[in-house]
Amino acid sequence: MRTARIAPSVLAADFGRLRDQIVLAESGGADWIHVDVMDGHFVPNLSFGAPVIKAIRAATKLPVDVHLMVTAPEKYIAEYADLGANVFTFHPEATTHVQRQLAAIRDRGMKAGLALNPGTPLSAIDEVVADLDLVLVMSVNPGFGGQGYWGPATDKVARIKALLDVRRSGAVIEIDGGITARTIAAPFLAGCDMFVAGTSVFGQPDPAGAIAGLKAACPAGTPA
């Protein structure tokens with residue numbers, strides 16, 4: 001039977017208490033810690049990079065899930081691997097040779113992921129399914145936290161699930177954007193495995209309880 005897995009996004013955390021916030025997330029049953037890296041070019045905002053990833057790696061034993069919303073993500077593969085990132089996800093529009101970068105990520109011991117924006121078709125992953133460990137469905141247009149869930153993402157998850165099943169791929173389906181206790185059930189039932197949650201975790205008075213609440217909002221006993 002399937003259960004929802006939660007990757008709290010530190011983009012919404014209180015950086016003055018980052019270690020404490022991560023400990024709270026762990027106590028609530030977080031499965032991964034999600035880190036959004038933005039360059040102000042590929043998306044219209046800036047976030048953080050290597051120093052924060054290093055601090056997060058030192059603060060937790062959970063997998064560190066890095067999502068790069070940057071141009072030329074290949075420039076960061078070696079550095080982030082050395083810092084201890086476990087999952088490295090980028091956007092196919094951000095680089096020229098997608099398969100080459102996926103192979104390079106795996107060669108450095110990380111899981112390789114591709115992120116699909118709302119307007120990015122499934123054809124972006126069709127030729128590289130064998131190279132993927134993760135598909136990240138963006139259920140908002142990336143660049144800002146706190147946005148509402150884009151409803152068509154649920155159907156996109158279902159279509160990705162069907163594609164991965166046909167190819168006998170074990171890639172994880174992850175979703176990011178507007179995930180709350182009200183919106184999480186639909187993509188879970190469509191086949192999503194991992195849920196990125198920022199303001200619905202770290203923006204709440206009780207982050208640990210918020211994570212438990214997200215998991216509880218997914219129907220129990222759902223077949224794998």
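- Val10 and Val23 end up in different hydrophobic clusters when Ile, Leu, Val, Met, Phe, Trp and Tyr side chains are linked at under 4.5 Å.
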With side-chain contact (heavy atoms from CB on, under 4.5 Å) as the test, would you mind laying out the steps for His67 and Glu174 before giving the verdict? CA-CA 11 Å; His67 172 204; Glu174 184 176 44; over 6 Å; no
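- Of all heavy-atom pairs spanning Lys111 and Ile105, the tightest one is O-CG2, 3.5 Å.
- Between the side chain of Thr60 and the backbone N or O of Glu26, no donor-acceptor pair lies under 3.5 Å.
- Across Ile53, Ile33, Ile56, a single residue satisfies side chain to side chain contact (heavy atoms under 4.5 Å, CB included) together with Val66, and that is Ile53.
- Distance check, rounded to the nearest 0.5 Å: CG of Leu114 to CD1 of Ile125 gives 7.5 Å.
- Of all heavy-atom pairs between Leu164 and Ala171, the closest is CD1-O, 3.7 Å.
- Comment: Asp126 engages Arg167 in a salt bridge, judged by a side-chain N to carboxylate O separation of less than 4.0 angstrom.
- Of all non-hydrogen atoms in Pro8 and Val201, the two that sit nearest each other are CB-CG1, 4.2 Å.
- Between Gly178 and Tyr149, the shortest heavy-atom distance links the atoms O-CB, 3.6 Å.
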Let's go through Cys218 and Thr3 carefully: what are the C-alpha distance in whole Å and the side-chain angles of both, what is the deciding distance for side-chain contact (heavy atoms from CB on, under 4.5 Å) to 0.1 Å, and is it a yes or a no? CA-CA 8 Å; Cys218 294; Thr3 57; over 6 Å; no
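- Taking 4.5 Å as the limit, every side-chain heavy atom of Lys75 sits out of range of all side-chain heavy atoms of Val70.
- The CG atom of Asp131 lies 6.0 Å from the CZ atom of Arg106; values are rounded to the nearest 0.5 Å.
- Annotation: Arg182, atom CZ; neighbour count of heavy atoms from other residues, nucleotides and ligands within 6.0 Å does not exceed 12.
- Residue Val140 comes nearest to Gly148 through the heavy atom pair CG1-O, 3.2 Å, listed as atom of the first residue, atom of the second, then distance.
- Here His91 contributes atom NE2 and Thr71 contributes atom OG1; the two are 10.5 Å apart, rounded to the nearest 0.5 Å.
- Side-chain heavy atoms closer than 4.5 Å link hydrophobic residues (I, L, V, M, F, W, Y) into clusters, and following such links, possibly through other members, connects Phe90 to Val129.
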Exercise answer: donor-acceptor pairs, residues 77-89 side-chain atoms, under 3.5 Å, sequence neighbours excluded:
from: Asp82; atom 1: OD1; to: Arg108; atom 2: NH2; distance (Å): 2.6
from: Asn86; atom 1: OD1; to: Arg57; atom 2: NH1; distance (Å): 2.8
from: Asn86; atom 1: OD1; to: Val64; atom 2: N; distance (Å): 2.8

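- Ser200 contributes atom OG, which lies 5.0 Å from atom CG of Leu214 (distance to the nearest 0.5 angstrom).
- Each of Trp150 and Leu11 belongs to its own hydrophobic cluster when Ile, Leu, Val, Met, Phe, Trp and Tyr are linked at side-chain heavy-atom distances under 4.5 angstrom.
- Side-chain atoms of Gln21 and Asp14 include no donor-acceptor pair closer than 3.5 Å.
- Side chain to side chain, Asp36 and His34 meet the donor-acceptor criterion of an N or O pair below 3.5 Å.
- Annotation: salt bridge (Lys or Arg N to Asp or Glu O under 4.0 Å) contacts of Asp31 (sequence neighbours excluded): Lys215.
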Under 3.5 Å, which donor-acceptor pairs do the side chains of residues 185-196 form with other protein atoms, sequence neighbours left out?
from: Asp193; atom 1: OD2; to: Ile173; atom 2: N; distance (Å): 2.8

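- Under the 3.5 Å distance criterion, the side-chain polar atoms of Ser139 are matched with a main-chain donor or acceptor of Gly177.
- Put simply, CG on Leu102 and CG on Leu132 are 5.5 Å apart, with the number rounded to the nearest 0.5 Å.
- Under the 4.5 Å side-chain contact rule for hydrophobic residues, Ile179 and Leu24 do not share a cluster.
- Ser27 OG to Asp206 CG: the interatomic distance, rounded to the nearest 0.5 Å, is 8.0 Å.
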Would you please test Thr120 and Met138 for side-chain contact (heavy atoms from CB on, under 4.5 Å) and show each step? CA-CA 9 Å; Thr120 305; Met138 295 303 300; over 6 Å; no
